[in-house]
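Numbers restart at 1 for each chain; the letters A, B, ... are given by sequence-line order, proteins then strands.
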Amino acid sequence: MLKSTKHLFHSKIKFSLWFLRSFTSLFSPPQFEADLSLSHQHKRNYKKYFLFSFLNENPTNPRVPKQVHSHLVTTASFSHSIRLFNALLRCYSVSENPKDAIFLYQQVQSFYFYFKFDSFTYAFLIKACASLSNLDLGKQFHGVEIKMGFESNLYVQTVLVNMYAESGGLVECKKVFDEMPERNHVTWNVMITGLAKQGEIEFARFLFEKMPDRNVVSWSGMIDGYTRMNQHREALGLFRRMVADDGVDPSEITILAILPAVWNIGDVKMCQLIHGYGLKRGFHVSDIRVMNSLIDTYAKCGCIVSASRFFEEITTDTKNLVSWTSLISGFAMHGMGKEAVESFARMEQEGWKPNRVTFVSVLNACSHGCLVEEGLKFFEKMVSEYRISPDIKHYGCLIDMLGRAGRLEEAEKIALEIPCEISNEVVWRILLGACSFYGNVEMGERVTSKIMEIEKRYGGDYVLMSNILAGAGRFADAESLRTLMVGRNAIKVAGSSLT
DNA sequence: ATAGGGTTAG
């Protein structure tokens, strides 16, 4: 008995040493070896501190929390520090697998029953539930947290509001917010951004106007809410009010929230203004997300030259895959197939591996630039070389490309081969457009019946099909289709131009 | 130690 315990103890020491070695070799903190000569208490504190900063300084490396976790398990030193345990929990809650936070809690709860959890523990656990969008689990921790006496803890209640907002429990969200004895600006912001994200923009605005000290987060949240709801003028108005009247400096996030409103309205001047502001404030050198969004906005405002010039100004080590994809999608929407294909080649030369979005963009470019053979090659390359299984948008581009080139039979064949789990009415709608362009009545009728199996309320389909029929001289059929459209209450919004 | 994020067929 004694021997085996001893053996276990030795193996633990061995493991610890291996562990410390792996830490030192990974990060080689200065004087770590020397500190081993300190007193036992000192060593333990140093180790604790080291593990703590190890966790906090490597938030993106998924191996770090696993290493610390296994160290704590094998050395049975969970009980030594609630802080270390909480830091580990925090790491897991923002990691790729927030469920690990729940597992850690369950493990500690069942093996270390004397362990006393504090308010931070519950805050991070509820945060993990928010990342998982798991409303049921969140409700359970809400119950536990109340039972442990944190019902009026500002931090715990704030993450609780956030969790309910993110996982769609708006009723509970409002209830918790209303019943909080004290709130700070974070609480208000969590509530406002949460409501704005869920589409409750009116109520978010009400709270926004009522809130005592608005900051850049509150403004950005509201602006983002309006752009999500397609209320772009309202978003721009709020942005102007924020900068001009309240004198609040926009952050990177504000810029990212306002740019979709800019390109939806198509305001090039506004885009240049924000670009200039970014230059002045240094966003363009510091935040690749803002730069990528600017490429996209210039392209969507019709200035592909500015978009590509701006792209070329970004240094090679700052550019990423999204920059390349934004450029290619810009070329695609301007019908510049050749430039898109060249950019794709340059991107591969610089060592970037295209993802599914990059392929949607380049296939779209081939379709708009009438590069059918290239497009088919890209599709083949995506499947066999990059092992990306095509999704419905890739098929959409492919069908659009073949349809525009008049290769309707091939397009229809592919549309029929799409697995039914991912198929939708949009691919058939694309094909219907091609049938209309080439005046193919028979296929048009087949395709229309396919669409009607899925969606009967989209007016554009009736209009397109009745145009095909009228083009073939079948005016009576065209007329009855129009009547059917009115009878089914299908709506066709009239087109309009921005200029 | 609590809040906000970029590219996607018609």
Side-chain angles (χ1 to χ4, degrees), chain A residues 52 55-56 82-83 86-87 89-91 93-94 118-124 126-127 130 153-163 165-166 183-194 196-197 215-225 250-257 259-260 287-297 299-300 320-330 332-333 354-368 390-401 403-404 424-434 458 460-461 464:
Chain A
F52 188 73
L55 278 172
N56 288 335
I82 176 86
R83 255 203 84 176
N86 283 338
L89 206 59
R90 186 178 80 105
C91 249
S93 73
V94 295
D118 64 7
S119 67
F120 292 95
T121 310
Y122 293 105
F124 296 140
I126 293 166
K127 193 180 166 65
N153 182 290
L154 176 62
Y155 290 91
V156 177
Q157 297 310 105
T158 300
V159 283
L160 204 55
V161 170
N162 185 41
M163 185 276 294
E166 292 220 330
R183 308 177 187 121
N184 64 9
H185 64 108
V186 179
T187 320
W188 283 91
N189 285 339
V190 163
M191 190 67 190
I192 288 169
T193 53
K197 247 191 222 159
N215 65 9
V216 64
V217 179
S218 341
W219 286 97
S220 306
M222 279 310 299
I223 293 170
D224 183 54
S251 70
E252 290 90 333
I253 310 293
T254 324
I255 305 294
L256 288 171
L259 284 176
D287 199 315
I288 186 62
R289 300 166 306 171
V290 172
M291 293 187 262
N292 291 341
S293 197
L294 268 171
I295 298 172
D296 184 49
T297 307
K300 282 178 173 150
N320 64 14
L321 184 61
V322 180
S323 325
W324 284 100
T325 305
S326 303
L327 180 73
I328 294 169
S329 90
M333 67 185 77
N355 65 12
R356 49 182 62 250
V357 184
T358 320
F359 274 108
V360 171
S361 302
V362 77
L363 287 172
N364 192 22
C366 291
S367 125
H368 288 172
D391 67 32
I392 193 64
K393 293 188 180 178
H394 299 113
Y395 283 117
C397 294
L398 211 56
I399 288 165
D400 189 50
M401 189 174 76
R404 277 169 199 262
N424 63 11
E425 77 281 8
V426 182
V427 284
W428 293 108
R429 197 166 286 151
I430 294 168
L431 189 55
L432 187 62
Y458 186 75
D461 300 327
L464 214 49

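Looking at the side chain of A/Val190, the nearest of the listed nucleotides B/dA1, B/dA9, B/dA3 is B/dA3. Of all nucleotides listed (B/dG10, B/dT8, B/dA9), B/dT8 comes nearest to the side chain of A/Asp296. Picking from B/dT7, B/dG4, B/dA9 the nucleotide with the shortest atom distance to the side chain of A/Val216 gives B/dG4. Comparing atom distances between the A/Val217 side chain and each of B/dT7, B/dT2, B/dA3 picks out B/dA3 as nearest. Listed candidates were B/dT2, B/dG10, B/dG4. Nearest to the side chain of A/Ile253 is B/dG4.
Between A/Ile82 atom CD1 and B/dA1 atom P the separation is 15 Å, expressed in whole Å. Per the geometry, CZ belonging to A/Arg183 stands 16 Å off C1' belonging to B/dA3, to the nearest Å. Put simply, CG on A/Asn86 is 11 Å from P on B/dT2, counting in whole angstrom units. With rounding to whole Å, A/Ile288 atom CD1 is found 18 Å from B/dG5 atom P. To the nearest angstrom, C1' of B/dG5 lies 21 Å from CH2 of A/Trp219. Nucleotide B/dA1 holds its C1' atom 17 Å from the OH atom of A/Tyr122, rounded to whole Å. Atom NZ of A/Lys393 and atom C1' of B/dT7 are 10 Å apart (whole Å). Nucleotide B/dG4 holds its C1' atom 12 Å from the CG atom of A/Asp287, rounded to whole Å.
A sub-4.0 Å separation between OP1 or OP2 of B/dT2 and a side-chain N or O of A/His185 is absent. The phosphate of B/dT7 (OP1 or OP2) has no side-chain N or O of A/Arg289 nearer than 4.0 angstrom. Side-chain nitrogen and oxygen atoms of A/Lys300 include at least one within less than 4.0 Å of the OP1 or OP2 phosphate oxygen of B/dT8. Between B/dA3 and A/Lys127, a contact under 4.0 Å exists linking OP1 or OP2 to a side-chain N or O.
Pairing each heavy atom of A/Ser220 with each of A/Ser251, the nearest pair is OG-OG, 4.2 Å. In terms of heavy atoms, A/Ser323 sits closest to A/Ile295 at O-CD1, 4.2 Å. Residues A/Ser367 and A/Cys397 come closest through the heavy atom pair CB-O, 3.8 Å. Counting all heavy atoms, side chain and backbone alike, A/Thr193 lies closest to A/Val190 at OG1-O, 3.3 Å. Nearest heavy atoms, A/Ile255 versus A/Pro250: CD1-CB, 4.3 Å. Taking each heavy atom of A/Val159 and A/Ile126 in turn, the nearest pair found is O-CG2, 3.8 Å.
Among the heavy atoms of the strands lying under 4.0 Å from A/Glu166 are primed sugar atoms or P, OP1, OP2 only; no base atom is included. Using a 4.0 Å heavy-atom criterion, one finds that A/Asn215 contacts the bases of the nucleic acid, with or without backbone contacts as well. Residue contacts for A/Phe124: at a heavy-atom cut-off of 4.0 Å it reaches a base atom on one of the strands shown. Residue-level contact check: A/Leu154 touches neither bases nor backbone, having no heavy atom under 4.0 Å from any strand. Within 4.0 Å of A/Asp391, counting heavy atoms only, lies no atom of the nucleic acid at all. Within 4.0 Å of A/Ser220, counting heavy atoms only, lies at least one base atom of the nucleic acid. As judged by a 4.0 angstrom heavy-atom cut-off over every strand, A/Asn424 is placed among the base-contacting residues. Looking at heavy-atom distances under 4.0 Å, A/Ser326 makes contact with sugar-phosphate atoms alone, never a base. Among the atoms of the strands shown, base atoms are found under 4.0 Å from some heavy atom of A/Asn189.
By the 5.5 angstrom centroid cut-off and the 30-degree plane limit, A/Phe120 is classified as stacked against the base of B/dA1.
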Evaluate the criterion salt bridge (Lys or Arg N to Asp or Glu O under 4.0 Å) for residue pair A/Asp391 and A/Lys393; output intermediate values, then yes/no.
-> CA-CA 6 Å; A/Asp391 67 32; A/Lys393 293 188 180 178; over 6 Å; no

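With hydrogens and angles left out, the side chain of A/Ser251 and the base of B/dG4 share a donor-acceptor pair within 3.5 Å.
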